[in-house]
Engineer: 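Structure in structure tokens, see below.
As the structure lists them, so they are numbered: ligands from 1, and atoms in each ligand from 1. Any value given below was found using the heavy atoms of this structure, including those in side chains, with hydrogens, waters and symmetry copies removed. Everything numeric here is computed off the predicted structure, so don't read it as measured data.
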Amino acid sequence: MTDDRTRNAGGPVIFAVATGMGRAAIAVMRVSGEGCGTILRALCGMLPEARRASFRPIRYRNEILDEAVVLWLPGPRSYSGEDSFELHLHAGPAIIEGVSLALTELGARPAEPGEFTRRAVQAGRLDLLQAEAVADLVEAESAAQRRQALSQADGALSRLYQEWAERLRRLLAQQEALIDFPDETLPDAVEAALEAERAALQAEMALHLADQRGELVRRGITVVIAGAPNAGKSSLLNALAGYDAAIVTQRAGTTRDAIAVDWILDGIKLRLIDTAGLRETEDEIEAEGIRRAMFHVKQADLVVHLYADERPAPLLPDAIIVRNKTDLAPAPEDVLGISATTGAGLDTLRDLLRERIRTLMSGAGVPLTRARHRAGIQEAAQHLALASEAEWAELRGEELRLAMRALGRLTGQVDVESLLDVVFGQFCIGK
Ligand SMILES: Nc1nc2c(ncn2[C@@H]2O[C@H](COP(=O)(O)OP(=O)(O)OP(=O)(O)O)[C@@H](O)[C@H]2O)c(=O)[nH]1
Ligand SMILES: [K+]
Ligand SMILES: [Mg+2]
């Protein structure tokens, strides 16, 4: 690593307010890029000691814009890896506007979403998996999401994928050494050992792919309430959510649009979805509602199949059948009974949901968190499978190389530039 003072630091200077919009006491203006020290000197009259908070007037064109806590963070030991600084300003809009204008006139430009983190990736301070985890941390709503994102930001997933890539690299090297052997002298034991390692890697990837935990935690677990009209589905949604999210009336066919409510149960984010009552209907709008209801049932992680009178045939084999309106008539012994209006049985229903969630979330090792990762691991596993089918050692080697490439693309060791837009499209400004 080069010395702080001699290093030539990064891209054009960018700036953004890194704290949230809206009324607040303090706004942190983040500035990063080559030569931003000159801008800081222009605003503060001096370059403060590195990595030490100091309180300074911020001056531009002989006017004091604010008094701020100033942090000078020379690269490469900064978030972006470039020379950067932070101004902790009073959060008034006129101050932010004045400082933004000054920064622009001094040669900086507003940052694009995720641009600071993008530069951190380009400077090699974070890999792509860690950068994605930063976006997840900013968005985390549940404790489980926070824990998962922190672990990924810490590099847990990167280490797993790098370990696989390293094992593939060794496999490939040994495979290539074998090519040099004439056929008749091929050592069988060596071949068998290589095949065993290839199969082991493929099996580990298959296990990782089968594990739904990470994606479930990230996007939340979808619980759909479905059943006949007037079963009390909307009443149940309202009772679980704790407020009147959906319209309840005694008319069958009240709910048409699916109604989604976010719900945190034991630190895990759930989406509860209330749907249109399922029945044959001539009504065009209701029919569309029912079509949507079936769509949500098929996409659901868990389905609560609610009924109030006749016990229906199960919608899906693993749907949770629940009988409502036990205040009017008791439920059969082998079915969970509740009353959405009195609240009877709701605790038992919550416990049952917890249990089902625990089953969904069981798994070992580091969880896979995104569709992008799933696609990459799937690709790697496919090439590993093709490698075992290949007749020639050269072809086998090529498949191993392609598997390695697929893994490298996940962390950004391969094709990093082409992936940056995909990964950073979803970031907020100031990160
Ligand atoms: N006695 C009693 N009435 C209930 C209970 N739950 C719901 N109801 C009543 O049943 C009727 C239908 O309730 P909804 O919640 O609208 O039923 P739904 O399944 O959403 O109906 P659709 O949206 O039309 O399919 C309303 O009059 C509710 O007040 C219950 O546990 N006990
Ligand atoms: K109804
Ligand atoms: Mg309803």
Engineer: Pick whichever of I338, N238, T255 has a heavy atom sitting closest to atom 23 (O) of ligand 1.
Structural biologist: T255
Engineer: Out of V248, N230, I225, I259, who gets a non-hydrogen atom closest to atom 21 (O) of ligand 1?
Structural biologist: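 It is N230 that holds the nearest heavy atom.
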Engineer: Is the closest side-chain heavy-atom distance between R311 and V335 below 4.5 Å?
Structural biologist: yes
Engineer: Please compare G337, G253, S235, A308 and report which has the shortest non-hydrogen distance to atom 24 (O) of ligand 1.
Structural biologist: G253
Engineer: Is any side-chain heavy atom of L302 less than 4.5 Å from a side-chain heavy atom of I357?
Structural biologist: yes
Engineer: Looking at A231, which atoms of ligand 1 are within less than 4.0 Å of one of its heavy atoms?
Structural biologist: 19 (O)
Engineer: Shortest non-hydrogen contact from G75 to D83?
Structural biologist: N-OD1, 2.8 Å
Engineer: Mark up the atoms of ligand 1 that fall under 4.0 Å of a heavy atom belonging to R251, in ascending order.
Structural biologist: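 Ligand 1 atoms under the 4.0 Å threshold to R251: 24 (O).
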Engineer: Test your reading of the structure: does T326 have an N or O sitting under 3.5 Å from an N or O of ligand 1?
Structural biologist: no
Engineer: Please determine whether R251 has a backbone or side-chain N, O or S atom lying under 3.4 Å from the K ion (ligand 2).
Structural biologist: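 Yes - counting backbone and side chain alike, R251 has an N, O or S atom under 3.4 Å.
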Engineer: Starting from atom 1 (N) of ligand 1, which protein heavy atom do you reach first, and at what distance in Å?
Structural biologist: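 Ranking protein heavy atoms by distance from atom 1 (N) of ligand 1, first comes D327 OD2, 2.9 Å.
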Engineer: Suppose I only count heavy atoms of A340 and a 4.0 Å limit; which atoms of ligand 1 are within that range?
Structural biologist: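 Here the atoms of ligand 1 in question are 6 (N), 31 (O).
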Engineer: Considering the heavy atoms of G277, write down every atom of ligand 1 situated less than 4.0 Å from one of them.
Structural biologist: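 Result: 25 (O).
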Engineer: Does any N or O in the side chain of D66 come within less than 3.5 Å of the main-chain N or O of P57, such that one atom is a donor and the other an acceptor?
Structural biologist: no
Engineer: Kindly confirm or rule out an N or O of I247 lying under 3.5 angstrom from an N or O of ligand 1.
Structural biologist: no
Engineer: Quick test: of every protein heavy atom, which one is nearest to atom 16 (O) of ligand 1, and how far off is it to 0.1 Å?
Structural biologist: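 Result for atom 16 (O) of ligand 1: T249 O, 3.3 Å.
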Engineer: Could you tell me which atoms of ligand 1, counted from 1 in the order shown, lie closer than 4.0 angstrom to a heavy atom of Q250?
Structural biologist: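 In order of numbering, the contacting atoms are 27 (O).
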Engineer: Taking all non-hydrogen atoms of both residues into account, name the closest pair between I273 and A258 and its distance.
Structural biologist: CG2-CB, 3.8 Å
Engineer: Counting each atom of ligand 1 from 1 as listed, which ones have a heavy atom of P229 under 4.0 Å away?
Structural biologist: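 Reading through ligand 1 atom by atom, the close ones are 25 (O).
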Engineer: Has T254 got an N, O or S atom lying less than 3.4 Å from the K ion (ligand 2)?
Structural biologist: yes
Engineer: Decide, counting backbone as well as side-chain atoms, whether N230 has an N, O or S atom less than 3.4 Å from the K ion (ligand 2).
Structural biologist: yes
Engineer: Side chain to side chain contact (heavy atoms under 4.5 Å, CB included), that's the test. Do K298 and L315 meet it? Break it down for me.
Structural biologist: CA-CA 10 Å; K298 286 188 194 122; L315 264 174; over 6 Å; no
Engineer: Begin from the C-alpha positions of I338 and R323 and carry the test side chain to side chain contact (heavy atoms under 4.5 Å, CB included) through to its verdict.
Structural biologist: CA-CA 6 Å; I338 63 161; R323 162 57 208 286; over 6 Å; no
Engineer: Are V28 and L87 close enough that some pair of their side-chain heavy atoms sits under 4.5 Å apart?
Structural biologist: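 V28 vs L87: side chains apart.
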Engineer: Tell me the protein heavy atom at minimum distance from atom 8 (N) of ligand 1, and give that distance in Å.
Structural biologist: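 The closest heavy atom on the protein side is K325 CE, 3.7 Å.
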Engineer: State, yes or no, whether a side-chain contact exists between L128 and T411 at a heavy-atom distance under 4.5 Å.
Structural biologist: no
Engineer: Would the distance check show the side chain of T104 and the main-chain N or O of S100 forming a donor-acceptor pair, the cut-off being under 3.5 Å?
Structural biologist: yes
Engineer: Using 2.8 Å as a strict upper limit, say whether an N, O or S atom of T255 approaches the Mg ion (ligand 3) that closely.
Structural biologist: yes
Engineer: Closer than 3.4 Å to the K ion (ligand 2), do we get an N, O or S atom from T249, backbone or side chain?
Structural biologist: yes
Engineer: Say whether A252, considering both its backbone and side-chain N or O atoms, lies within less than 3.5 Å of an N or O atom on ligand 1.
Structural biologist: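 Looking only at distances, the answer is no, because the N/O contact criterion of under 3.5 Å is not met.
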Engineer: For H208 and Y161, I'd like to know if the aromatic rings sit close, meaning centre-to-centre distance below 6.0 Å.
Structural biologist: yes
Engineer: Taking the side chain as C-beta and beyond, is there a heavy-atom pair between R30 and S84 under 4.5 Å?
Structural biologist: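 Side-chain contact under 4.5 Å: no.
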Engineer: Any heavy-atom pair between the side chains of L336 and L349 that's under 4.5 Å?
Structural biologist: yes
Engineer: For L328, which part has a heavy atom under 4.0 Å from ligand 1: side chain, backbone, both, or neither?
Structural biologist: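 Side chain only; the backbone of L328 stays clear of ligand 1.
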Engineer: Could you identify the single nearest non-hydrogen protein atom to atom 25 (O) of ligand 1 and state the distance to 0.1 Å?
Structural biologist: K233 NZ, 2.8 Å
Engineer: D283 side chain to I285 main-chain N or O, any donor-acceptor pair under 3.5 Å?
Structural biologist: yes
Engineer: Within a distance under 4.0 Å of any heavy atom of S339, pick out the atoms of ligand 1 and give their elements.
Structural biologist: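 Once the distances to S339 are compared, the set is 30 (C), 31 (O), 32 (N).
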Engineer: Confirm or rule out an N/O/S atom of S235, from backbone or side chain, lying less than 2.8 Å from the Mg ion (ligand 3).
Structural biologist: no
Engineer: Considering only protein heavy atoms, which is closest to atom 6 (N) of ligand 1, and at what distance to one decimal place?
Structural biologist: N324 ND2, 3.1 Å
Engineer: Do E215 and R370 come close enough that some side-chain heavy atom pair is under 4.5 Å?
Structural biologist: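 No - every pair of side-chain heavy atoms lies 4.5 Å or more apart.
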Engineer: Considering only the protein, which heavy-atom contact is closest to atom 30 (C) of ligand 1, and what is its distance?
Structural biologist: T341 OG1, 3.1 Å
